[in-house]
Amino acid sequence: MKTILLTGANGQVGWELQRVLAPLGHVIALTREQLDLSQPDAIRQAVRTHQPDIIINPAAYTAVDKAESEPDLAMAVNGIAPGVFAEEAKKLDALLIHYSTDYVFDGSNASPYTENDAPNPQSIYGKTKLAGEVAIRAVNGKHLILRTSWVYGVHGGNFVKTVLRLAKERSELRIVADQFGAPTWARLLADSTAQILQLKDFDGSLSGVYHLTAGGRTNWHQYAEEIVRLARLYDETLANKALTIHPIATHEYPVPAKRPANSVLATDKVKQAFGLNLPPWQEDLAQCVRELYSTPAL
Ligand SMILES: NC(=O)c1ccc[n+]([C@@H]2O[C@H](COP(=O)([O-])OP(=O)(O)OC[C@H]3O[C@@H](n4cnc5c(N)ncnc54)[C@H](OP(=O)(O)O)[C@@H]3O)[C@@H](O)[C@H]2O)c1
């Protein structure tokens with residue numbers, strides 16, 4: 001049986017991964033309390049203790065705006081830790097699966113970004129995540145770097161939950177309409193990761209960067225409209241409430257970190273390499289909102 005070391009077990013993706021990896025091996029799922037990625041020695045110790053066949057690293061410093069004022073910590077977790085995992089994985093001939101972000105791009109492309117497009121991150125978060133990618137590739141062991149975007153899920157904080165909360169509290173929302181991307185369910189990432197592990201007896205020849213997101217594209221304003229439309233199917237108070245969602249421009253909602261205007265990622269490479277089906281973002285969102293209303297305590 002394979003041993004799988006999983007980080008960030010309390011994160012959106014890590015939580016979904018725990019569930020889906022369980023039948024695939026002996027999963028050692030570590031939270032931040034059990035393994036702090038800002039401590040390289042702790043990472044080395046954990047890998048040497050557990051001797052995994054597969055390391056899966058969804059843990060990250062994901063507070064995009066806060067990273068602007070905590071660049072060292074963001075770099076330690078996002079930029080340095082992935083390289084330490086890669087070095088330790090290589091020593092064991094283990095596979096490292098790591099997640100990265102659409103925010104490595106500057107957003108100036110008119111069309112979806114492919115893996116061949118040059119990154120040019122505009123934020124500390126994007127820069128540190130790119131540093132993590134570079135560190136993993138430099139080690140040149142067996143690895144997959146899965147770049148994704150706009151992650152939401154049942155577990156953890158995210159845009160979907162924020163919109164649902166604000167929709168209940170307010171009668172008007174103002175949401176940015178000039179940034180485009182693909183909302184991606186954490187569960188799609190976890191299921192796709194499991195499918196990759198099952199489909200391929202991974203020999204390292206497919207190592208590299210892959211874009212992995214839901215299909216289609218939207219902007220934050222349209223996304224919010226769809227979240228509220230779906231929520232009204234289950235929430236009678238919201239269904240009967242007058243709510244206006246105003247589209248606004250990025251400059252009308254100033255935040256510390258600069259976001260790309262277009263960060264839609266082309267997913268042809270991952271679909272072709274691993275036979276994945278990546279449904280339109282609306283399909284997964286509908287499932288997730290339904291699930292949120294069937295488990296209101298979460
Ligand atoms: N969220 C997005 O919109 C988005 C978009 C594109 C790419 N991604 C990438 O997708 C991956 C998964 O993201 P996600 O949405 O699942 O993130 P998330 O929900 O924020 O989870 C990140 C996890 O990392 C943990 N963590 C943070 N600092 C740590 C440290 N020093 N040591 C150990 N663990 C630490 C957090 O611990 P706590 O639970 O204790 O806070 C949390 O469990 C990440 O690589 C992220 O960069 C995310």
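We count ligands from 1, going down the list as the structure has it; atoms in each ligand are counted the same way.
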Could you identify the single nearest non-hydrogen protein atom to [atom] and state the distance to 0.1 Å?
| atom | value |
| --- | --- |
| atom 32 (N) of ligand 1 | L37 N, 2.8 Å |
| atom 40 (O) of ligand 1 | R32 NE, 2.9 Å |
| atom 12 (C) of ligand 1 | P58 O, 3.3 Å |
| atom 39 (O) of ligand 1 | N10 CB, 3.6 Å |
| atom 16 (O) of ligand 1 | V13 N, 2.9 Å |
| atom 6 (C) of ligand 1 | T148 O, 3.3 Å |
| atom 7 (C) of ligand 1 | S100 O, 3.3 Å |
| atom 15 (O) of ligand 1 | Q12 NE2, 3.0 Å |

Verify ring pair (Phe, Tyr, Trp, His ring centres under 6.0 Å) between Y223 and F159, making sure each step is shown before the conclusion.
CA-CA 9 Å; Y223 180 22; F159 184 76; 4.9 Å; yes
List the residues meeting ring-ring contact (aromatic ring centres under 6.0 Å, His included) with H211, not counting sequence neighbours, and say none if there are none.
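So H211 forms a ring-ring contact (aromatic ring centres under 6.0 Å, His included) with F105.
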May I ask you to list the atoms of ligand 1 that are less than 4.0 angstrom from any heavy atom of K129?
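Those qualifying, in numeric order: 44 (C), 45 (O), 46 (C), 47 (O).
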For V77, counting its heavy atoms only, list the atoms of ligand 1 lying under 4.0 Å from any of them.
31 (N)
Mind checking whether A9 has an N or O less than 3.5 Å away from an N or O of ligand 1?
no
State whether the shortest distance between N or O atoms of V151 and N or O atoms of ligand 1 falls below 3.5 angstrom.
yes
We want to know whether D106 and S108 form a side-chain donor-acceptor pair, criterion being a heavy-atom distance below 3.5 angstrom.
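The criterion, which ignores hydrogens and geometry beyond distance, is satisfied for S108 and D106.
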Distance-only side-chain donor-acceptor flag, N10 / T31, under 3.5 Å:
no
Ion pair present between [X] and [Y], side-chain N to carboxylate O less than 4.0 angstrom?
| X | Y | answer |
| --- | --- | --- |
| D284 | R187 | no |
| K269 | E115 | no |
| R44 | D41 | yes |
| E226 | R229 | yes |
| R259 | D102 | no |

Between [options], which one has a non-hydrogen atom sitting closest to [atom]?
| atom | options | result |
| --- | --- | --- |
| atom 25 (C) of ligand 1 | G156, G11, A60 | A60 |
| atom 5 (C) of ligand 1 | Y61, Y103, Y99, W150 | W150 |
| atom 31 (N) of ligand 1 | I43, D36, I145 | D36 |
| atom 20 (O) of ligand 1 | D102, T62, L35, L73 | T62 |

K127 side chain to P71 main-chain N or O, any donor-acceptor pair under 3.5 Å?
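No; judged by distance alone, with no hydrogens or angles, the pair does not exist.
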Under 4.0 Å from ligand 1, counting heavy atoms only, is it the side chain of Y125, its backbone, both or neither?
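Just the side chain.
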Proximity of H98 to ligand 1 by residue part, where a heavy atom lies under 4.0 Å:
neither
Has K258 got more than 12 heavy atoms of other residues, nucleotides or ligands less than 6.0 Å from its NZ?
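Counting neighbours around NZ of K258, 12 or fewer heavy atoms of other residues, nucleotides or ligands fall under 6.0 Å, so no.
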With I56, the side chain to side chain contact (heavy atoms under 4.5 Å, CB included) member among T7, L21, L5
L21
Within the structure, is a non-hydrogen atom of A81 found at a distance of less than 4.0 Å from ligand 1?
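So A81 does not count as touching ligand 1.
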